Amino acid sequence: MLDLVLPLECGGCGAPSTRWCDACARQLAVRADEPHVVTPRVHQGVPVFSLGRYAGARRAAIVAVKEHGRADLIDPLGAALRGGLRQLLTWGVLGPPLTVVPAPTRRYAARRRGGDPVTRMALAATSDGRDARVVQALRMTTMVRDSVGLSGAARQRNVAGRVRLRGPVQRLTGDVVLVDDIVTTGATAAESVRVLQTSGARVFAVLALANA
């Protein structure tokens with residue numbers, strides 16, 4: 001009866017009567033050679049790692065969280081981020097204690113989505129309390145436009161000088177990694193890394209759920 005009133009479907013493929021099916025879970029599973037290094041159009045100054053292409057179940061789940069309020073998908077996406085962080089720790093790219101900084105989200109977008117999805121994914125990724133903690137160290141000013149449809153150069157201009165540090169930099173102890181849901185041109189990540197490094201934080205990498 002509940003399915004008739006509120007149809008339950010997989011957030012990755014739309015399969016009925018399940019929130020997240022086994023096939024989509026396998027698509028998000030972090031393999032031994034993942035995450036991969038990617039090269040966004042905007043130079044970051046640190047390595048950028050992605051857990052996969054912005055396609056298939058990965059894309060559908062991210063869109064469902066951000067645009068359709070599917071908070072139930074935060075956990076599987078957070079689990080994928082957790083797997084990526086563990087790989088970077090295992091490979092020696094990062095070392096504990098680790099500070100995870102979510103990429104900043106426009107305030108209007110966060111309000112419309114019922115909160116900042118990137119921060120929620122980061123918190124889910126570090127919920128076991130081992131080796132890493134989340135610090136919301138960055139914010140965006142109110143003058144940033146939606147980047148959809150903007151060229152790479154326009155995205156850079158859009159965020160230049162509009163990512164700000166929130167709170168004292170002393171909170172950013174140990175190795176710092178910036179996490180995001182999608183890296184496209186890399187403009188937001190690059191500006192975020194610049195602000196963190198200028199403040200004295202030891203940023204070693206960017207990790208994204210997907211690259212487009």
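Here the structure is a predicted model, which means the values were calculated and not measured.
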Could you pull out all residues at least two apart from [X] that satisfy salt bridge (charged side-chain N to carboxylate O under 4.0 Å, His left out)?
X	value
Arg166	none
Arg82	none
Asp180	none
Asp75	none

Locate the shortest heavy-atom distance separating [X] from [Y]; write the atom from each residue and the value.
X	Y	value
Trp20	Gly12	CZ3-N, 3.5 Å
Thr126	Ala132	CG2-CB, 3.8 Å
Leu81	Ala125	CB-CB, 3.7 Å
Leu51	Ala80	CD1-O, 3.4 Å
Cys24	Ala57	SG-CB, 3.6 Å
Asp116	Ala103	OD2-O, 4.4 Å

Q | Full working for side chain to side chain contact (heavy atoms under 4.5 Å, CB included) between Val63 and Arg70 | A | CA-CA 9 Å; Val63 171; Arg70 286 290 301 268; over 6 Å; no
Show which side-chain atoms of residues 199-212 pair as donor or acceptor with protein atoms under 3.5 Å away, not counting sequence neighbours.
residue: Ser199; atom: OG; partner: Leu196; partner atom: O; Å: 2.5
residue: Arg202; atom: NH2; partner: Asp175; partner atom: OD1; Å: 3.3
residue: Asn211; atom: OD1; partner: Ser50; partner atom: OG; Å: 2.7

Evaluate the side-chain proximity of [Y] to [X]: yes if any heavy-atom separation is below 4.5 Å, no if none is.
X	Y	value
Arg139	Arg164	yes
Lys66	Asp181	yes
Val48	Val37	no
Pro40	Thr185	no
Leu138	Glu191	no

Q: Would you give the length of the straight line joining atom OG of Ser127 to atom CD1 of Ile74, rounded to the nearest 0.5 angstrom?
A: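 The CD1 atom of Ile74 is 12.0 Å from OG of Ser127, to the nearest 0.5 Å.
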**Q.** Non-neighbouring partners of Pro168 that pass side-chain contact (heavy atoms from CB on, under 4.5 Å), sequence neighbours left out
**A.**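 Listed in chain order: Gln170, Arg171.
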**Q.** side-chain contact (heavy atoms from CB on, under 4.5 Å) involving Thr18 - partner list, sequence neighbours excluded
**A.** Cys10, Ala15, Cys21
Q. Where the side chain of Gln44 meets the backbone of Ala190, is there a donor-acceptor pair that is under 3.5 Å apart?
A. yes
Please table the atom pairs, donor to acceptor, closer than 3.5 Å between any side-chain atom in residues 87-102 and protein atoms at least two apart or in another chain.
residue: Gln87; atom: NE2; partner: Arg31; partner atom: O; Å: 3.2
residue: Gln87; atom: NE2; partner: Ala32; partner atom: O; Å: 3.1
residue: Gln87; atom: NE2; partner: Glu34; partner atom: O; Å: 2.9
residue: Thr90; atom: OG1; partner: Arg86; partner atom: O; Å: 2.8
residue: Thr99; atom: OG1; partner: Thr173; partner atom: O; Å: 2.7

Using side chain to side chain donor-acceptor pair (under 3.5 Å) as the criterion, list what pairs up with [X], not counting sequence neighbours.
X	value
His68	none
Gln136	Thr119
Asp22	none

Q) Where do Thr184 and Ile182 land on the side chain to side chain contact (heavy atoms under 4.5 Å, CB included) test, with the steps shown first? A) CA-CA 6 Å; Thr184 49; Ile182 314 160; 4.0 Å; yes
Q) Where do Thr105 and Met140 land on the side chain to side chain contact (heavy atoms under 4.5 Å, CB included) test, with the steps shown first? A) CA-CA 6 Å; Thr105 299; Met140 277 189 174; over 6 Å; no
Q: I would like to know whether Gln197 and Val46 meet side chain to side chain contact (heavy atoms under 4.5 Å, CB included); could you show each step before the answer?
A: CA-CA 10 Å; Gln197 289 182 328; Val46 297; 3.6 Å; yes
Q.
Listing request: all side chain to side chain donor-acceptor pair (under 3.5 Å) pairs with a residue in residues 53-64, at least two apart in sequence or in separate chains.
A.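 For residues 53-64, and leaving out neighbouring residues, there are no side chain to side chain donor-acceptor pair (under 3.5 Å) pairs at all.
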